[in-house]
There are 2 protein chains.
Amino acid sequence: MSSGHIQGAQSTYRTLQVLRAIAGELGSGVSLAYITQRTGLSKPTVHRLLQALMAEGMVEKSDEEGYFLGPECYALGVIANQRYGLREIAATPVARIAADTGDSAFFCLRSEWHSLCLIREDGSYPIKTHVLQPGTRLPLGVGGAGIAMLAAMSDDEVEQCLAANAEECAAHFPNDQRADHLPRIAECRALGYGINRGSVVAGSWGIGAAVRDRHGRVLGALSVAAIESRLQPQRQRELGPRLVEAARTLETKIHRAQRMR
Amino acid sequence: MSSGHIQGAQSTYRTLQVLRAIAGELGSGVSLAYITQRTGLSKPTVHRLLQALMAEGMVEKSDEEGYFLGPECYALGVIANQRYGLREIAATPVARIAADTGDSAFFCLRSEWHSLCLIREDGSYPIKTHVLQPGTRLPLGVGGAGIAMLAAMSDDEVEQCLAANAEECAAHFPNDQRADHLPRIAECRALGYGINRGSVVAGSWGIGAAVRDRHGRVLGALSVAAIESRLQPQRQRELGPRLVEAARTLETKIHRAQRMR
DNA sequence: CTCCGTATTCCATAAAATGGAATTAAAAAA
DNA sequence: TTTTTTAATTCCATTTTATGGAATACGGAG
């Protein structure tokens with residue numbers, strides 16, 4: 001998928017490809033054949049890598065459901081969380097946005113070419129859109145957060161991303177093909193925030209603002225979702241900059257957390 | 001470290017070795033030299049693997065502190081958590097043990113040859129031992145949970161573990177050398193629960209019971225810690241079986257969670 | 001400037017990973 | 001039950017990739 005270019009580390013890339021093919025299906029198990037197909041690797045290769053990953057506890061296999069991520073992945077995540085405790089750091093701003101706006105607020109994490117919903121906080125407004133739940137994984141470029149993240153990347157990365165997700169978008173998101181993405185990205189770059197006008201589920205609109213790490217890489221995005229009527233242009237112009245500001249504040253908090261031991 | 005034996009996957013093992021060498025220092029960054037020394041791999045090899053891991057977001061580097069786990073590790077953990085949500089599942093029993101006994105209760109996760117504290121819940125008794133915090137990592141065999149986990153493994157694994165941790169124990173835990181471990185393991189196997197008689201910090205005692213997955217592999221352990229005077233033999237005989245029972249109940253919950261999608 | 005510890009690059013060699021094809025196991029159909 | 005189909009696993013000669021010694025570059029400290 002990603003064109004691994006460090007020389008002499010092919011199998012490292014392949015190992016990670018396999019892990020992510022499994023991760024891509026979230027909690028549900030996947031078959032060897034599926035991984036084979038998704039990664040483009042040969043059957044014996046995938047099988048060999050899986051055996052090794054299983055021996056190390058990174059992957060487990062259930063007879064009924066196939067392969068899924070194992071306890072060592074979980075442990076790695078727990079440890080990464082010590083430094084990288086995005087959930088804790090982002091929880092406060094997300095809650096505040098939800099409280100202030102009355103709508104549902106989110107923090108989504110970038111994961112490969114996808115957006116992974118980490119936090120959801122509902123606001124007080126009685127009609128809530130339930131498209132994004134914690135754990136929901138959408139291709140980048142889809143949804144408010146996804147648009148913001150994609151727009152925050154280089155054209156080159158955008159290109160790679162659209163290529164990587166083309167198939168999935170074609171299958172699940174008829175309103176998120178290549179031609180639909182580009183103008184939204186341009187708009188987002190101009191405004192600073194991304195606008196989702198119901199392309200995932202009709203009537204469910206959203207706004208997102210990207211969050212970068214200290215090196216400028218896109219980490220994730222803050223976003224707000226509401227029904228169409230609550231996100232008309234005037235409110236977009238109100239919420240957008242508010243989200244962007246919150247994203248900036250969050251960024252400095254994250255940078256600080258990453259700096260100290 | 002672990003003698004990877006699946007043929008044709010050397011670099012997968014090496015990649016994971018590097019990741020774990022970094023994870024082993026928890027949130028703090030490590031140097032290339034450190035990883036080199038810890039894994040026994042050559043400098044160019046480690047360097048190459050790190051470049052690849054960084055390109056994939058599994059590892060990050062800060063100029064001041066060196067390498068640490070990156071956002072993709074975090075994301076993997078979040079996803080593994082969907083199925084493997086040990087924290088959520090174990091939270092209730094841990095809280096109940098703390099409430100019932102009045103002492104601090106813990107759930108520790110097995111991570112390689114270490115015990116990683118996931119959950120700590122304080123009881124009502126006013127003197128608390130603060131040796132184990134969430135995130136604390138101890139060699140297996142050290143502490144109540146660690147003894148229980150180690151004792152639950154095969155003699156062969158115990159051997160590997162002691163070898164792997166010998167250096168660390170020698171450096172940090174003078175009361176946890178090989179000769180100290182073996183009788184404790186024997187005791188634990190006889191009783192069903194492990195007893196830590198202050199070998200980490202004098203006066204801080206503990207009891208632990210191992211938790212296995214559906215395939216019998218050790219996942220982690222429940223434990224209780226208190227000051228010495230609160231864990232004398234009579235109370236050990238009271239708490240031990242209680243912990244074991246809680247561990248059994250937890251196991252069935254975990255197995256059920258792992259079975260369904 | 002030099003020394004020293006650390007990180008990075010090079011490249012000929014050795015070793016490991018590869019994948020086509022064969023085999024086996026597991027489901028599905030007859 | 002047996003047959004058919006599909007998926008998983010093993011084999012092994014071939015080729016590519018990973019390897020690590022040595023050389024080089026970097027970054028303080030004196």
Side-chain angles (χ1 to χ4, degrees), chain A residues 1-22 24-25 28-56 58-70 214-215 259 261, chain B residues 1-22 24-25 28-56 58-70 214-215 259 261:
Chain A
M1 217 108 277
S2 22
S3 55
H5 36 266
I6 272 81
Q7 198 74 314
Q10 194 193 54
S11 18
T12 295
Y13 287 107
R14 292 183 162 189
T15 300
L16 298 180
Q17 265 189 87
V18 168
L19 277 180
R20 290 203 292 225
I22 299 173
E25 292 305 302
S28 61
V30 299
S31 68
L32 184 147
Y34 171 85
I35 303 173
T36 295
Q37 181 248 301
R38 193 136 203 298
T39 58
L41 300 172
S42 77
K43 229 182 313 172
T45 297
V46 172
H47 184 256
R48 198 159 10 85
L49 296 179
L50 284 171
Q51 294 302 317
L53 288 167
M54 284 172 65
E56 298 293 301
M58 296 289 288
V59 166
E60 301 232 316
K61 185 184 176 180
S62 105
D63 293 332
E64 310 91 49
E65 295 179 64
Y67 299 95
F68 55 93
L69 298 183
R214 155 169 41 106
H215 306 295
R259 194 168 300 279
R261 62 157 38 227
Chain B
M1 220 111 278
S2 21
S3 56
H5 35 266
I6 273 82
Q7 199 73 314
Q10 194 194 55
S11 19
T12 296
Y13 287 106
R14 292 182 162 191
T15 300
L16 298 180
Q17 264 187 88
V18 168
L19 277 179
R20 290 202 292 223
I22 299 173
E25 293 306 300
S28 60
V30 299
S31 67
L32 184 148
Y34 171 86
I35 303 173
T36 295
Q37 181 249 302
R38 195 138 202 296
T39 58
L41 301 172
S42 76
K43 230 184 308 176
T45 296
V46 172
H47 184 256
R48 197 160 10 85
L49 295 179
L50 283 172
Q51 294 302 318
L53 287 167
M54 284 172 65
E56 298 293 301
M58 295 289 286
V59 166
E60 301 232 315
K61 185 185 175 176
S62 107
D63 291 332
E64 310 91 49
E65 294 180 65
Y67 300 95
F68 55 94
L69 298 182
R214 156 167 40 103
H215 305 296
R259 194 169 301 279
R261 63 157 36 224

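Residue numbers start from 1 in every chain, and the chains themselves are labelled A, B, ... in the order their sequence lines are given, proteins ahead of strands. All values derive from a computational prediction rather than experimental measurement.
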Nearest-angstrom distance from the residue atom NE2 of H47(A) to P of dC12(D): 16 Å
Atom of L41(A), atom of T36(A) and distance for their closest heavy-atom approach: O-CG2, 3.2 Å
R48(B) side-chain N/O to G8(A) backbone N/O, donor-acceptor pair under 3.5 Å: yes
Spacing of Q51(B) atom CD relative to dC10(C) atom P, expressed in whole Å: 13 Å
Heavy-atom pair with the smallest gap, counting every atom of A52(A) and T12(B): CB-CG2, 3.9 Å
Rounded distance [0.5 Å steps], CD in Q17(B) versus OG in S11(B): 11.5 Å
Rounded (10°) bend between the five-pair end axes of the helix from dC1(C)-dG30(D) to dA30(C)-dT1(D): 40°
Y67(B) side-chain N/O to M54(B) backbone N/O, donor-acceptor pair under 3.5 Å: no
Distance test, side-chain N/O of K43(B) to OP1/OP2 of dA23(D), below 4.0 Å: no
Atom-to-atom span, CD1 of I35(A) to C1' of dT9(D) - whole angstrom: 14 Å
Rounded distance in Å - OH (Y13(B)) to C1' (dA17(C)): 14 Å
Whole-Å distance separating the CG atom of L50(B) from the P atom of dT9(C): 13 Å
Minimal non-hydrogen separation, Y13(A) against E56(B), with atom names: CE2-OE2, 3.2 Å
Audit row: L19(B), L49(B), side chain to side chain contact (heavy atoms under 4.5 Å, CB included) steps and yes/no: CA-CA 10 Å; L19(B) 277 179; L49(B) 295 179; over 6 Å; no
Value in whole Å for how far the C1' atom of dA16(C) lies from NE2 of H5(B): 17 Å
Rounded distance (Å) that lies between atom C1' of dG27(D) and atom CG of L32(B): 15 Å
Separation of R38(B) CZ from I22(B) CD1 (nearest 0.5 Å): 11.0 Å
Side chain proximity check, R14(A) to T39(A), heavy atoms < 4.5 angstrom: no
Protein-to-nucleotide contact annotation, 5' to 3' order, nucleotides 17-22 of chain D [B base; S sugar-phosphate only; - none; under 4.0 Å, heavy atom]: SSBBB-
Protein-nucleotide distance (Y34(B), atom OH; dA7(C), atom P), rounded to Å: 14 Å
